[in-house]
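Written out below as structure tokens is the structure these notes cover.
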Number of protein chains: 2
Amino acid sequence: MVRLGRLTDYALVLMTCIARGEGSSLRTARDLAKESKLPLATVSKILKELLQSGLLTSQRGIHGGYVLAKNPHEISVLEMIAAMEGPLALTDCSTDVTGLCNLESCCPIKTNQQIINQAVRGVLGKVTLSDLIQPLHLTAIRDANGKVLPMIASGRVQ
Amino acid sequence: MVRLGRLTDYALVLMTCIARGEGSSLRTARDLAKESKLPLATVSKILKELLQSGLLTSQRGIHGGYVLAKNPHEISVLEMIAAMEGPLALTDCSTDVTGLCNLESCCPIKTNQQIINQAVRGVLGKVTLSDLIQPLHLTAIRDANGKVLPMIASGRVQ
DNA sequence: CCGATACAGTACTGAATCAGTCCGGTTTTG
DNA sequence: CAAAACCGGACTGATTCAGTACTGTATCGG
């Protein structure tokens, strides 16, 4: 299905929760678990990974919690996905690692794969956390020909 | 890693092979297996799925084989991916199926997820099989702001 | 008409990945 | 020092996936 892992999905939800609560100091894992209706253990695991990727900062001890490390408009969807699943690479060929593919040097479409990857990265890099809080501002997103994607305004398409 | 299945990767290779050999009548599975250096059984499986999705047409019997069902520029990468992995949906929320998510109606980011999905679909829908054969023409692909993606011409970025 | 060739469809299996959980440790505060 | 909260790693059951095998059906040549 070419889908994000479920944990990545949760991560987007949690980041949105934290971003919405900005200004109200720290959010605890317990707090976020209640708000997102997800199990605490799972939430902790996700927050931990987001922390290690530098998207969150934490405060330990009683009265501890998590905050965004950057402004919401500086955190792209691409970064959040990469935090949970590692660098975005739709195929083995599009990694910088060599020796994975037995076709290696003669592979006729390696370059193309990288181009496809770059296109997807470009799009995901353009959508930021602040866009997820304010959906209507997404009208700024345009397709490959520079035309605004038709469904943004109406909220739904197909 | 957010990656395509390996079989999907192979499918892109095979479709490229077939597209390149256009005009030279039918390509047999055996033939394509040899050219792509993939096991015949696997190649057959992939071609079968591409057939069922209407991207290929087949001829049975001795002297049978496969041909593209459409012109290369009418077959998008999105279609090929969908043929192998089903409809592109980065998250459960972005499917048309309901009842999968326990947050359902109150989920704060459902709309956004669909927007993200649509953005990715838009990009993948713009790249066609003919683009994969003629990499240099990909300079037509632009980012969300209408600017040409920087790495296309040079073949590589980052 | 018969057999060789190639597509068509299904079913199975071993491996790899993933979600989710648990447990023990460390830091801070009252 | 005890409670609250973060920190880190490790384990497990389930699910998914790649790959293979086997049987069936269609077409063509002789």
Side-chain angles (χ1 to χ4, degrees), chain A residues 1-14 18 25-34 36-67 69 81 83-86 89-92 100-102, chain B residues 1-14 18 25-34 36-67 69 81 83-86 89-92 100-102:
Chain A
M1 274 257 211
V2 189
R3 55 178 43 201
L4 300 176
R6 208 178 308 172
L7 292 181
T8 306
D9 192 2
Y10 298 163
L12 292 176
V13 175
L14 292 174
I18 298 174
S25 72
L26 301 158
R27 309 294 306 272
T28 69
R30 202 173 302 273
D31 181 14
L32 291 167
K34 191 173 298 180
S36 62
K37 297 187 172 59
L38 296 171
L40 174 58
T42 302
V43 170
S44 291
K45 182 179 189 173
I46 295 167
L47 292 175
K48 192 191 313 174
E49 294 186 56
L50 292 172
L51 178 75
Q52 289 174 336
S53 300
L55 298 182
L56 296 176
T57 55
S58 66
Q59 178 64 45
R60 292 168 79 132
I62 194 170
H63 294 162
Y66 295 91
V67 221
I81 293 175
M84 298 302 297
E85 319 216 11
L90 292 185
T91 60
D92 290 319
L100 294 174
C101 178
N102 51 2
Chain B
M1 276 258 212
V2 189
R3 57 178 41 203
L4 299 177
R6 206 178 310 172
L7 292 182
T8 306
D9 193 1
Y10 297 163
L12 292 176
V13 176
L14 292 174
I18 298 174
S25 70
L26 299 159
R27 308 294 306 273
T28 69
R30 202 172 302 271
D31 182 16
L32 291 167
K34 190 172 299 181
S36 63
K37 296 186 173 61
L38 296 172
L40 174 59
T42 302
V43 170
S44 292
K45 184 180 189 173
I46 295 167
L47 292 174
K48 194 189 313 173
E49 294 186 55
L50 292 171
L51 177 75
Q52 289 173 337
S53 301
L55 298 183
L56 296 176
T57 55
S58 65
Q59 179 64 44
R60 292 168 80 133
I62 194 170
H63 294 160
Y66 295 91
V67 220
I81 293 175
M84 298 302 296
E85 319 215 13
L90 292 184
T91 61
D92 290 319
L100 294 174
C101 177
N102 51 3

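Proteins get letters first, then strands, A, B, ... in listed order; numbering begins at 1 in each.
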Nearest-Å distance for atom pair CG/P, residues A:L26 and D:dC6: 9 Å
Check each of B:I18, B:V13, B:L38 against B:L32 using the side chain to side chain contact (heavy atoms under 4.5 Å, CB included) test, and report the only one that passes. B:I18
Protein N or O to nucleotides 12-14 of chain C N or O, pairs below 3.5 Å:
none

Integer-rounded Å distance: D:dC28 P and B:I62 CD1: 10 Å
Gap between atom CE of A:M84 and atom NZ of A:K45 - 0.5 Å precision: 8.0 Å
Distance (rounded to the nearest 0.5 Å) between A:T8 OG1 and A:L12 CG: 7.5 Å
To the nearest angstrom, the CD-P distance between A:E85 and C:dA19 comes to 7 Å
Let me confirm one number: the CG-CD1 distance from B:L4 to B:I81, rounded to the nearest 0.5 Å. 4.5 Å
Considering only heavy side-chain atoms of A:L7, the closest of C:dA19, D:dA5, D:dA18 is C:dA19
Side chain of B:A29: nearest nucleotide among C:dC7, C:dT28, D:dC7? C:dC7
Heavy-atom side-chain proximity of A:L7 to A:I46 below 4.5 angstrom: yes
Write down the atom of A:A29, the atom of A:S44, and the distance for their closest heavy-atom approach. CB-OG, 3.9 Å
For DNA chain D, what residues of residues 46-60 of chain B have any heavy atom nearer than 4.0 Å? B:Q59, B:R60
Within the structure, does a side-chain N or O atom of B:Y10 lie under 4.0 Å from either OP1 or OP2 of D:dC17? no
Let me know the distance between CG of B:L4 and P of D:dT16, rounded to the nearest Å. 18 Å
Nearest non-hydrogen partners of A:L26 and A:V67, listed with the distance: CD2-CG2, 3.3 Å
Which nucleotide in the set C:dG30, C:dC7, C:dA19 lies at the smallest distance from any side-chain heavy atom of A:H63? C:dG30
Whichever of A:L40 and B:G61 has its nearest DNA chain C nucleotide further upstream toward 5': B:G61
Which pair of heavy atoms, one from A:V43 and one from A:S36, lies closest together, and at what distance? CG2-OG, 4.2 Å
So how far is it from B:L47 CG to B:T28 OG1, rounded to the nearest 0.5 Å? 9.5 Å
What is the distance from atom CD of B:E49 to atom CD of B:E85, rounded to the nearest 0.5 Å? 9.5 Å
Any side-chain N or O of A:R6 under 4.0 Å from OP1/OP2 of D:dT15? no
Given C:dT5, is OP1 or OP2 found less than 4.0 Å from the side-chain N or O atoms of B:R30? no
Hey, does the side chain of B:T42 come within less than 4.0 Å of D:dT20's phosphate (OP1/OP2), counting only N and O? yes
Does a side-chain heavy-atom distance below 4.5 Å link B:L50 with B:L55? yes
Take atom CG of B:L38 and atom C1' of D:dT20, then tell me their distance rounded to the nearest Å. 14 Å
Roughly how bent is the helix from C:dC1-D:dG30 to C:dG30-D:dC1 end to end, in steps of 10 degrees, with each end axis from five pairs? 10°
Do B:R30 and B:K34 have side chains that get closer than 4.5 Å, going by heavy atoms? no
